[in-house]
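Following: one structure in structure tokens, then a few remarks.
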Amino acid sequence: MNDRNADIALSNLENFCERCQVYCAVVLLPGINDGAELQKTCSDLEDMGARGLILMRFANSRDQGLILNNAPIIEGITPHKIEEFRDIVTNTAKSHRMRVTGTPLWDPVTKAPFALAYHPEKGSTLPSIRRSATIITSRVAEPLLSAIFRQMGEKVNVMSLQKDVGCLITIDDFMDLDLSLVKGTVIIPGRTLAHEKEIKKALSRDGQNRIVARGPDRLTVDGEMSISMSEEEVLDLEMEAFAELIQAINALGV
């Protein structure tokens, strides 16, 4: 990073690793700090005694998470595809002793985010869904959320907007949504960066008056939190959050 005092910074990091639990982060840029450079970084951190490392996928366009109309941040950089990024996280975790996770996905130990997708026996103990609704989410979350709700019947459908991260969804992301499959009640991510009145207007472009409600602020955790959690802790958090979500569907659904 062209730090003129890099040696001092690294010395301080080593001191921290000797005296407390240290979790580090790397924003992963293709051709810059992945591949052999990433392996060297991991080995250096392990030698220092770091407890874990979270890999953060670089965002360079609006659909990847930018919200300030400042894309691209770096010209000529094409971030890793989601599947490619997940494989990097998995392979890096396999080849090092310390805990390695990723954001927006994933954690090879806990299977977060949305670990319930891999534990249908847990999902079967959630409250029954009595009414129907559409859940709006991100591209990363959609296949996992869909897998969870398929286990509970056909009353809920899950649709993704063109944004990889749910809590970075803005009003612009709703404008291209195909409303033909959207039910009368719509549950949006709790941290959506838009006002309910604007969202309701965007989701009523076809003349249908829909109920719009925010879901729980957090349905799961990403690698920044799960890196210090066990699989059971993640599942317990998700079970509580999904129970709250289902209560909202049963109260507001059609």
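Excluded from the calculations below are hydrogen atoms, water molecules and symmetry mates; all remaining heavy atoms, backbone and side chain alike, are included.
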- Message: Could you go through Glu196 and Lys200, starting from their C-alpha distance and side-chain angles, then the distance that decides it, and tell me whether this counts as side-chain contact (heavy atoms from CB on, under 4.5 Å)?
- Response: CA-CA 6 Å; Glu196 280 88 338; Lys200 186 177 178 66; 6.0 Å; no
- Task: Output, in order, the C-alpha distance, side-chain angles, deciding distance and verdict of side-chain contact (heavy atoms from CB on, under 4.5 Å) for Met159 and Thr137.
- Result: CA-CA 6 Å; Met159 298 180 67; Thr137 189; over 6 Å; no
- Message: Show, in sequence, the C-alpha distance, side-chain angles and deciding distance for Leu168 and Leu193, and conclude whether the side-chain contact (heavy atoms from CB on, under 4.5 Å) test is met.
- Response: CA-CA 6 Å; Leu168 295 175; Leu193 299 175; 4.3 Å; yes
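We find that Asp44 and Lys40 are joined by a salt bridge, their nearest charged nitrogen and carboxylate oxygen being less than 4.0 Å apart. Salt bridge Glu232/Lys122: present, at least one basic N to carboxylate O contact under 4.0 Å.
In this structure, CD1 in Ile73 is found 11.5 Å from CD1 in Ile77, a value given to the nearest 0.5 Å.
Remark: side-chain polar atoms of Arg99 are paired, donor with acceptor, to backbone N or O of Ser226 under 3.5 angstrom. Judged purely by atom type and a 3.5 angstrom limit, Gln64 has no side-chain atom pairing as donor or acceptor with the backbone of Asp164. No donor-acceptor pair closer than 3.5 Å links the side chain of Asp222 to the backbone N or O of Gly102. For Asn250 (side chain) and Ser128 (main-chain N/O), a donor-acceptor pair under 3.5 Å exists by modelled atom type. Side-chain atoms of Ser11 do not come within 3.5 Å of backbone N or O of Asp7 as any donor-acceptor pair. With hydrogens and angles disregarded, no donor-acceptor distance shorter than 3.5 Å links the side chain of Arg210 to the backbone of Gly184. Put simply, the side chain of Thr192 gets close to the backbone of Pro189: a donor and an acceptor are under 3.5 Å apart. When atom types are taken as modelled, the side chain of Ser230 and the backbone of Glu233 share a donor-acceptor pair closer than 3.5 angstrom.
Considering only heavy atoms from C-beta on, Lys111 comes within 4.5 Å of Glu231 through its side chain. You'll find the side chain of Ile249 reaches within 4.5 Å of the side chain of Ile187, heavy atoms only.
For Thr220 and Glu238, the side-chain atoms include at least one donor-acceptor pair closer than 3.5 Å. For Asp87 and Thr90, the side-chain atoms include no donor-acceptor pair closer than 3.5 Å.
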Quick one: side chains of residues 22-33, donor-acceptor pairs under 3.5 Å with protein atoms, not counting sequence neighbours, listed by atom name and distance.
| residue | atom | partner | partner atom | Å |
| --- | --- | --- | --- | --- |
| Asn33 | OD1 | Leu29 | N | 2.8 |
| Asn33 | ND2 | Val27 | O | 2.9 |

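Aromatic ring pairs are classed by plane angle as parallel below 30°, tilted from 30° to 60° and perpendicular above 60°; the pair Tyr118 and Trp106 is tilted.
The salt bridge (Lys or Arg N to Asp or Glu O under 4.0 Å) pairs that include a residue from residues 170-188 are Arg62-Asp173, Lys163-Asp173, where partners are two or more places apart or lie in different chains.
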